[in-house]
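Chain letters run A, B, ... following the sequence lines, proteins first, then strands; residues in each count from 1. All values below come from the heavy atoms of this structure, side chains included, with hydrogens, waters and symmetry mates left out.
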Amino acid sequence: MLTPEEWGIVALSLKVGGVAVAASLPPAFALAWLLARGRFPGKVLLDALVHLPLVVPPVVTGWLLLLAFAPAGPIGAWLQDWFGVSVLFRWTGAAIAAGVMALPLMVRAIRLSIEGVDRRLEQAARTLGAGRWRSFRTVTLPLSLPGVIAGVVLGFARALGEFGATITFVSNVPGETGTLPLAIYAALQTPGGEALVLRLAGISVLLSLVALIASELIARRAGRGLHVL
Amino acid sequence: MSFDVDVGLRRGDAAIACRIEGDGLTVLFGPSGAGKTSVLNMVAGLISPDFGHVRVGGETLFDAATGLDLPPERRRAGYVFQEARLFPHKRVRANLLYGWRHGAGAVDVDETIALLGLAALLDRWPRTLSGGEARRVAIGRALLSNPRFLLLDEPLSSLDRARREEIMALIERLRDALGLPILLVTHDRDEAERLGKRIVEI
C-alpha cells in the first residue's frame with residue numbers, strides 16, 4: 001500500500017513524535033506541579049515562559065533553538081565538548097523542536113488535572129500513615145492520570161504536526177528530519193508530487209484520529225475508576 | 001492512653017483555643033464555624049497550632065515551646081473526616097487496607113470487617129456507596145491503620161435516623177471495646193450528652 005519511502009517518513013515521524021513526548025513528559029509534569037501547587041516569587045514569569053512556544057511564531061522558536069544548539073551556542077558547545085555530538089540536521093534535533101513546541105500543551109493539560117485533585121484526599125492518606133511520596137504516588141498521580149494522558153496525546157499530535165520550528169532549526173533532510181509535514185511541503189514543491197501529498201496527508205489525518213480515539217478510550221477507562229497504574 | 005491537648009490558633013482577629021485532658025471519649029461541642037474541625041486538624045497534624053502542645057498517651061506530637069511538630073503520617077491518628085474522603089480510584093477493600101499496619105496491637109482485618117458489616121461491600125467502588133456505608137468504610141479504614149487515638153468529625157451528620165442509631169451504637173462499642181482515646185466533634189447537644197462523659201464546649 002505504501003512505498004518504502006513513505007513508510008520511512010511515517011516511521012521517522014512516529015519516532016520523532018514519540019521521543020519528543022517521552023522526553024518532555026517529566027519536565028512537563030514537574031512544571032505543571034510547580035504551577036499548580038507552588039507558591040514562589042516569579043511564578044507568573046515561569047507561567048509565561050512555559051507558554052511562550054505556544055504564542056511566539058514557530059520560526060522564532062526554531063531560530064532560538066538554532067542559536068542555542070549551534071556549535072558555538074551555549075548548549076551546542078557543551079554537547080560537542082562532552083559527547084562529541086551535534087543535533088543539527090539530525091532527527092534528535094527534530095525531536096527537540098517537536099518537544100519544545102509540545103511542552104506548553106502538555107503542561108496545561110497536566111496542570112489542570114493536578115489542580116482538580118482533591119487535596120483533602122491527600123490529607124486523608126497522610127493521616128493513614130502515608131508520607132508525602134506515597135501519598136503522591138498512590139493518590140495524586142492516579143487521580144491526575146486522565147489529564148496526563150490527555151497531555152501526552154495532545155503533545156504527540158502537536159509533535160507530529162510540527163513544521164516551522166523544525167524546518168528552521170534542523171532543515172529538511174529526507175530520512176533524518178523529513179517528518180510528515182516537511183515531506184508534504186517538499187512534495188508540494190515538486191512537479192507531479194500531488195499523489196504523494198494526498199497519501200501523506202491522508203496518513204497524517206489517520207494518525208491524529210487514532211491518537212485522539214485512543215486517548216478518549218483510556219480516559220473513559222480511567223474515569224470509571226479502574227486501576228490504570 | 002489519654003489526651004493532653006492545649007492548642008490555639010490565631011486567624012486575623014479571631015482566635016481558637018482549646019484544652020482537652022483525659023481518656024475515653026471526649027466530645028467537642030459547639031456551633032458551626034467555631035473551629036471544632038480546626039482543633040481536630042491540629043491534633044492530627046494537618047495544621048500547625050500557633051501555640052500550645054499535643055500529647056497522647058504520654059508521647060508529644062506537637063510542642064510550640066520546643067518546635068517539635070510530627071508530620072501527620074507519624075502521629076497514628078485514626079481520623080474519620082466529616083466527608084468520608086474515600087479514595088475514589090480504589091475499591092472498598094483497597095481503601096480499608098490503605099493504612100493497614102502489621103505488628104503489635106494491630107487490628108484484625110476480618111474482625112473489623114465483621115464489626116462494621118463491610119463484608120458485602122469489599123468489591124464495590126466508593127461512588128456506589130450510600131452515605132452510611134461510606135461512613136462505615138471510613139471508620140473501618142481509620143481503625144485498620146492501627147491508630148493510637150480516634151478523631152471523629154461529625155460522624156452522625158447527613159445520616160438518616162436508622163443509620164445514625166447504627167453508627168452511634170458502633171461508636172459506643174468502639175469506646176468500650178478498644179480503650180482508645182476518642183475526640184468526637186458534634187454540634188448536636190443530644191448526641192454530645194449521650195456519647196461523652198466529658199464535654200468540651202468551644
*Step by step, would you call B/E165 with B/R194 a salt bridge (Lys or Arg N to Asp or Glu O under 4.0 Å)?*
CA-CA 11 Å; B/E165 190 49 48; B/R194 169 167 167 187; 3.3 Å; yes
[X] versus [Y], closest heavy-atom pair with distance:
X	Y	value
A/V16	A/W91	CG2-O, 4.0 Å
B/R135	B/Q82	NH2-O, 3.4 Å
A/L160	A/S13	CD2-O, 3.5 Å
A/P104	A/V100	CD-O, 3.3 Å

*In Å and rounded to the nearest 0.5 Å, what is the CE to CZ distance from B/M168 to B/R161?*
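If we round to the nearest 0.5 Å, B/M168:CE and B/R161:CZ are 10.0 Å apart.
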*Scan side-chain atoms only and decide if A/T138 and B/Y98 contain a donor-acceptor pair under the 3.5 Å cut-off.*
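A pair is found: one side chain offers a donor N or O, the other an acceptor, under 3.5 Å apart.
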*Look only at the side chain of B/E111 and the backbone of B/D108, and say whether a donor-acceptor pair between them is shorter than 3.5 Å.*
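Not confirmed, B/E111 side chain does not pair with B/D108 backbone.
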_Pairs flagged by salt bridge (Lys or Arg N to Asp or Glu O under 4.0 Å) wherever residues 15-35 of chain B is involved - sequence neighbours left out_ =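 Non-adjacent pairs meeting salt bridge (Lys or Arg N to Asp or Glu O under 4.0 Å): B/D6-B/R19, B/R19-B/E21, B/D23-B/K197, B/D23-B/R198.
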*Might you confirm whether atom NE2 of A/H51 has over 12 heavy atoms from other residues, nucleotides or ligands at distances under 6.0 Å?*
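Enclosed: over 12 neighbouring heavy atoms sit under 6.0 Å from NE2 of A/H51.
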Who in [range] is close to chain B, using a strict under-4.5 Å heavy-atom cut-off?
range	result
residues 114-136 of chain A	A/R120, A/L121, A/Q123, A/A124, A/A125, A/R126, A/T127, A/L128, A/G129, A/A130, A/G131, A/R132, A/R134, A/S135
residues 19-50 of chain A	none
residues 200-214 of chain A	none

Report which part of [X] has an atom under 4.5 Å of a heavy atom belonging to chain A: side chain, backbone, both, or neither.
X	result
B/R75	neither
B/R141	both
B/A142	backbone
B/L151	neither

*Report yes if some heavy atom in the side chain of B/R76 is under 4.5 Å from a heavy atom in the side chain of B/S145; otherwise report no.*
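Not in contact.
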*With a 4.5 Å heavy-atom cut-off, do A/L14 and A/F156 have their side chains touching?*
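Yes, close enough: below the 4.5 Å cut-off.
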*With salt bridge (Lys or Arg N to Asp or Glu O under 4.0 Å) as the test, would you mind laying out the steps for B/K36 and B/D153 before giving the verdict?*
CA-CA 8 Å; B/K36 303 186 295 295; B/D153 193 356; over 6 Å; no
*asked:* Can you confirm whether or not the ring centre of A/W78 sits under 6.0 Å from the ring centre of A/F83?
replied: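 Centroid separation for A/W78 and A/F83: below 6.0 Å.
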_I'd like to know if A/R158 and A/E162 make a salt bridge, using a cut-off of under 4.0 Å between side-chain N and carboxylate O._
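Looking at A/E162 together with A/R158, the answer is yes, because their closest N to O distance falls below 4.0 Å.
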